[in-house]
Amino acid sequence: STAKNQKELVEWGLKKAAEYLSSANMNLLEGRLHPAAEEIFRAAETSLEAMLYFVGISKIIYPGKKLPFRGRLALQMLVRDNLVQTGKLSGEDYNNYLKLATDLHQGGYMSTRKFNRKELEAYLDFAEHLFKKAGELQ
């Protein structure tokens with residue numbers, strides 16, 4: 001049934017987000033800042049995916065004029081439309097997520113980008129906040 005599939009998607013998202021958070025913590029402890037940044041980013045996005053699955057979204061696809069958007073941009077638009085506009089996620093949390101996504105994900109592609117441990121710890125705290133919010137929806 002659709003409800004069973006949605007529940008499985010939510011559980012999958014929460015499980016993956018927990019794995020990413022654990023890996024991010026381990027990488028931070030070991031001083032591997034670039035991998036920690038990527039895992040923090042993945043944890044945040046996967047928590048948001050779990051929240052979307054909870055509200056009935058089954059695929060991270062957003063309609064476009066010619067072709068549908070997929071991936072990160074689709075996720076951002078779906079979060080805006082289905083979580084922020086319905087009050088399940090605050091505008092402040094959404095803006096913080098966009099900042100995290102821009103800084104951590106794009107920074108991972110720049111060979112000159114140096115991540116700061118305190119900055120990553122703050123992002124990790126925020127990713128854990130999103131994970132907690134996703135878990136509360138269940």
Side-chain angles (χ1 to χ4, degrees):
S1 79
T2 303
K4 182 177 182 273
N5 291 344
Q6 291 301 113
K7 185 175 177 359
E8 288 172 356
L9 283 171
V10 171
E11 288 171 357
W12 173 88
L14 291 173
K15 182 178 180 278
K16 289 303 287 180
E19 290 171 8
Y20 289 137
L21 287 171
S22 176
S23 180
N25 269 308
M26 193 63 77
N27 279 316
L28 268 178
L29 285 172
E30 298 293 328
R32 296 184 297 262
L33 302 184
H34 267 78
E38 187 63 22
E39 298 293 270
I40 293 166
F41 165 74
R42 288 180 180 164
E45 290 218 323
T46 308
S47 293
L48 291 171
E49 281 183 42
M51 292 175 80
L52 288 169
Y53 297 146
F54 179 81
V55 300
I57 303 297
S58 60
K59 292 185 179 164
I60 307 302
I61 298 174
Y62 195 85
K65 285 186 180 180
K66 292 184 180 181
L67 293 172
F69 292 101
R70 297 178 184 279
R72 186 153 304 100
L73 189 55
L75 178 71
Q76 291 171 1
M77 290 189 255
L78 289 168
V79 167
R80 179 198 63 206
D81 292 357
N82 296 280
L83 300 177
V84 177
Q85 290 183 0
T86 62
K88 288 179 177 46
L89 187 73
S90 72
E92 180 183 0
D93 279 347
Y94 182 65
N95 289 337
N96 287 335
Y97 154 65
L98 292 176
K99 181 180 182 320
L100 176 150
T102 300
D103 194 28
L104 297 187
H105 187 65
Q106 290 178 353
Y109 290 109
M110 296 185 271
S111 60
T112 58
R113 174 69 161 99
K114 302 267 190 282
F115 288 108
N116 169 301
R117 179 181 298 276
K118 287 216 180 296
E119 170 188 46
L120 290 181
E121 287 170 354
Y123 282 135
L124 181 60
D125 287 346
F126 178 67
E128 288 172 343
H129 164 76
L130 289 179
F131 177 72
K132 185 177 178 214
K133 285 194 81 62
E136 290 169 355
L137 285 180
Q138 272 197 291

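Heads up: numbering here begins at 1 and tracks the sequence.
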Say you draw a straight line from CG of Leu14 to CD of Glu49; how long is it, rounded to the nearest 0.5 Å?
11.0 Å

I need the Arg72 CZ to Met77 CE distance, nearest 0.5 Å.
12.5 Å

Interatomic spacing from CG in Leu89 to CG in Asn96 - rounded to 0.5 Å:
9.5 Å

Taking Asn82 for the side chain and Leu78 for the main chain, is one N or O donor matched with an acceptor at less than 3.5 Å?
yes

Cut-off 3.5 Å, side chains only: do Tyr94 and Gln76 have a donor facing an acceptor?
no

Over all heavy atoms of both residues, which pair between Ala17 and Phe131 is shortest? Give the atoms and the distance, please.
CB-CD1, 3.7 Å

Between Lys15 and Glu11, is there a side-chain N and carboxylate O pair less than 4.0 Å apart?
no

Is Ser47 reaching over with its side chain to a backbone N or O of Ala43, donor-acceptor style, under 3.5 angstrom?
yes

Out of curiosity, does Leu130 fall in the hydrophobic cluster containing Tyr20 (side-chain heavy atoms, cut-off under 4.5 Å, transitive links)?
no

Going through the checks in order, is the side chain to side chain contact (heavy atoms under 4.5 Å, CB included) test met by Tyr62 and Asp81?
CA-CA 10 Å; Tyr62 195 85; Asp81 292 357; 2.5 Å; yes

Criterion salt bridge (charged side-chain N to carboxylate O under 4.0 Å, His left out) on Glu128 and Lys132, from CA distance to verdict
CA-CA 6 Å; Glu128 288 172 343; Lys132 185 177 178 214; over 6 Å; no

Chi angles and distances behind the side chain to side chain contact (heavy atoms under 4.5 Å, CB included) call for Leu83, Tyr97:
CA-CA 13 Å; Leu83 300 177; Tyr97 154 65; over 6 Å; no

Answer yes or no: is there an ion pair linking Glu45 with Arg42, defined by an N-O contact shorter than 4.0 Å?
no

Nearest 0.5 angstrom please: Thr46 OG1 to Trp12 CH2, how far?
5.5 Å

Could you grab the distance from atom NZ of Lys7 to atom CZ of Phe54, nearest 0.5 Å is fine?
10.5 Å

So, does Thr102 use its side chain to make a donor-acceptor pair with the main chain of Leu98 at under 3.5 Å?
yes

According to a hydrophobic-cluster definition based on side-chain heavy atoms being under 4.5 Å apart (Ile, Leu, Val, Met, Phe, Trp, Tyr only), do Ile61 and Val10 belong together?
no

Do Glu119 and Tyr123 pair up side chain to side chain, a donor and an acceptor below 3.5 Å, judged on atom types alone?
no

For Phe126 and Asp93, run side chain to side chain contact (heavy atoms under 4.5 Å, CB included): C-alpha distance rounded to whole Å, both residues' side-chain angles, the deciding distance at 0.1 Å, then the answer.
CA-CA 9 Å; Phe126 178 67; Asp93 279 347; 3.6 Å; yes

Can you tell me if CD on Glu136 sees more than 12 non-hydrogen neighbours from other groups inside 6.0 Å?
yes

Where is the tightest heavy-atom contact between Leu120 and Leu33, given as atom of each residue plus distance?
CD1-O, 3.4 Å

Do Ile40 and Phe115 touch side chain to side chain, with heavy atoms closer than 4.5 Å?
no

Hey, what do you get for NZ (Lys4) to CG (Leu9), rounding to the nearest 0.5 Å?
11.0 Å

Are Leu104 and Leu73 linked, directly or through intermediate hydrophobic residues, by side-chain heavy-atom contacts shorter than 4.5 Å (ILVMFWY only)?
yes

Closest non-hydrogen atoms of Ala24 and Glu39, given as atom of the first, atom of the second and distance, are CB-CB, 3.7 Å

Tell me the closest heavy-atom pair linking Gly71 and Ile60, and the distance in Å.
O-CG2, 3.8 Å

Closest non-hydrogen atoms of Val84 and Ser90, given as atom of the first, atom of the second and distance, are CG2-O, 4.3 Å

Same cluster or not: Leu28 versus Met26, using hydrophobic residues (I, L, V, M, F, W, Y) connected whenever any side-chain heavy atoms lie under 4.5 Å apart?
no

Nearest non-hydrogen partners of Gly31 and Arg117, listed with the distance
CA-NH2, 3.5 Å

